[in-house]
Number of protein chains: 2
Amino acid sequence: MVTEDRATADRQTQWLRGVLDLAVLATLQSAGTSYGYALIQSLTEAGILDLKGGTIYPLLARLEQEGLVSSEWRAGHGGPGRKYFTITATGREVLIRSAAGWTDFSARIGSILGGALSRGGR
Amino acid sequence: MVTEDRATADRQTQWLRGVLDLAVLATLQSAGTSYGYALIQSLTEAGILDLKGGTIYPLLARLEQEGLVSSEWRAGHGGPGRKYFTITATGREVLIRSAAGWTDFSARIGSILGGALSRGGR
DNA sequence: AGATCTAGTTGACGTTGCTATCTAGTCGAT
DNA sequence: ATCGACTAGATAGCAACGTCAACTAGATCT
């Protein structure tokens, strides 16, 4: 089922804070190099739905400003030029450290939520 | 190790968005009833560090305004009065639905981050 | 009286994802 | 030739919410 209820959709925009940049870095790490429009598609396929350009492009600009990615313009394949991004060494460090932190955090939250649901499910 | 690096501490404030309210509801569900100051302690023990009153109290006010919790003043045990909160039926519904959504979300993010880290660890 | 712990409130602030709108290149159909 | 449709990116304004900082206030102990 692709359609999610509104409550979840509303919450996703909050859940993405502090995580979307990591997801972008991770995608860049996997893909080697990519550009904004394609990143939206990749993340959508990975289950991060409804991402819009107004979210991704400023984010990529922030990442570049912080030195976590570098960019280069290239011609598009039947379309406008594309701004390709590559993760930097600094970006990889941040990704590794932050991803570990997030894994811990999400596990802690998971146990808080899971504990309540199993004990209170009745 | 209790001390976390600054990067993770900074990120936690973002990671809490859209999740902290669920964590509070879940804690309330587990505890049956509790009050702000004690909730901070409970969540700290559960691994959500550095929560401040300026975060919890406005959050509880929002939850009450939305009808997800109800409150009642009672005398404190050697200290000022306490405002006890209890989760409502609506709160339980929201908790169950949203917790399920969060579990899905965090799994998706986990696989995006995990995929990149294992493939890109080299 | 002062200090400390408990307990709660409030206003200002900053980050960041979202909305909406804009420019612009390519291509197919009418 | 023109009109969408798709690709690709930029940006101004908005709103939500966790944090910071400062405050009130009760209880207890020295």
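Order of the sequence lines sets the chain letters (A, B, ...), proteins ahead of strands, with each chain counted from 1.
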Distance in angstrom units between B/Asp50 CG and D/dC20 C1', rounded: 13 Å

Between the base of C/dT15 and the side chain of A/Arg17, is there a donor-acceptor distance below 3.5 Å? yes

Quick note, A/Arg62 side chain, CB onward, closest among C/dG17, D/dT19, D/dA8 is C/dG17

To the nearest angstrom, the CG-C1' distance between A/Leu51 and D/dG9 comes to 15 Å

Report yes or no: does B/Thr88 contribute a side-chain atom to a donor-acceptor pair with the main-chain N or O of B/Leu68 at less than 3.5 Å? yes

Whole-Å distance separating the CH2 atom of A/Trp15 from the C1' atom of C/dT15: 20 Å

Nearest-nucleotide 5' precedence on DNA chain D, A/Gly79 against B/Leu16: A/Gly79

Relative to the 5' end of DNA chain D, which residue comes earlier, B/Glu66 or B/Lys52, by the nucleotide with the nearest heavy atom? B/Glu66

Regarding the side chain of A/Tyr35, the nearest nucleotide among C/dG17, D/dA8, D/dG18 is D/dA8

To the nearest Å, give me how far apart CG (A/Asp21) and P (C/dT16) are. 7 Å

Atom pair OG (A/Ser34) and CG (A/Leu43), whose distance is rounded to the nearest 0.5 Å: 9.0 Å

For the pair B/Arg11 (side chain) and A/Gly18 (backbone), establish whether a donor and an acceptor sit closer than 3.5 Å, ignoring hydrogens and angles. yes

Does a nitrogen or oxygen in the side chain of B/Tyr37 sit under 4.0 Å from OP1 or OP2 of C/dT6? yes

So, does A/Arg11 get its side chain near the phosphate of C/dC18, meaning an N or O under 4.0 Å from OP1 or OP2? no

How is A/Gly76 classified with respect to the nucleic acid when contacts are heavy atoms under 4.0 Å: base, sugar-phosphate, or nothing? nothing

Look at all strands and tell whether B/Thr13 reaches a base, only sugar-phosphate, or nothing, counting heavy atoms closer than 4.0 Å. sugar-phosphate

The nucleotide from C/dT6, C/dT9, D/dT11 with an atom nearest the side chain of B/Lys83 is C/dT9

Is there a donor-acceptor contact under 3.5 Å from the side chain of B/Trp15 to the main chain of A/Phe105? no

Rounded distance (Å) that lies between atom C1' of D/dC6 and atom CD1 of A/Ile40: 13 Å

DNA chain C: 5'-proximal contact among B/Phe85 and A/Pro80 (nearest heavy atom): B/Phe85

Please confirm whether the shortest side-chain N or O distance from B/Tyr57 to OP1 or OP2 of C/dG8 is below 4.0 Å. yes

We want to know whether A/Thr86 and A/Thr33 form a side-chain donor-acceptor pair, criterion being a heavy-atom distance below 3.5 angstrom. yes

Are B/Glu72 and B/Arg74 within salt-bridge range, i.e. N to O under 4.0 Å? yes

Distance check needed: C/dA7 P versus B/Leu60 CG, whole Å only. 14 Å

For atom CD1 of A/Ile56 and atom P of D/dT11, their distance in whole Å: 16 Å

By nearest-nucleotide position on DNA chain C, the 5'-leaning member of A/Gln14 and A/Gly78 is A/Gln14

To the nearest angstrom, how far is B/Trp73 atom CH2 from D/dG26 atom P? 12 Å

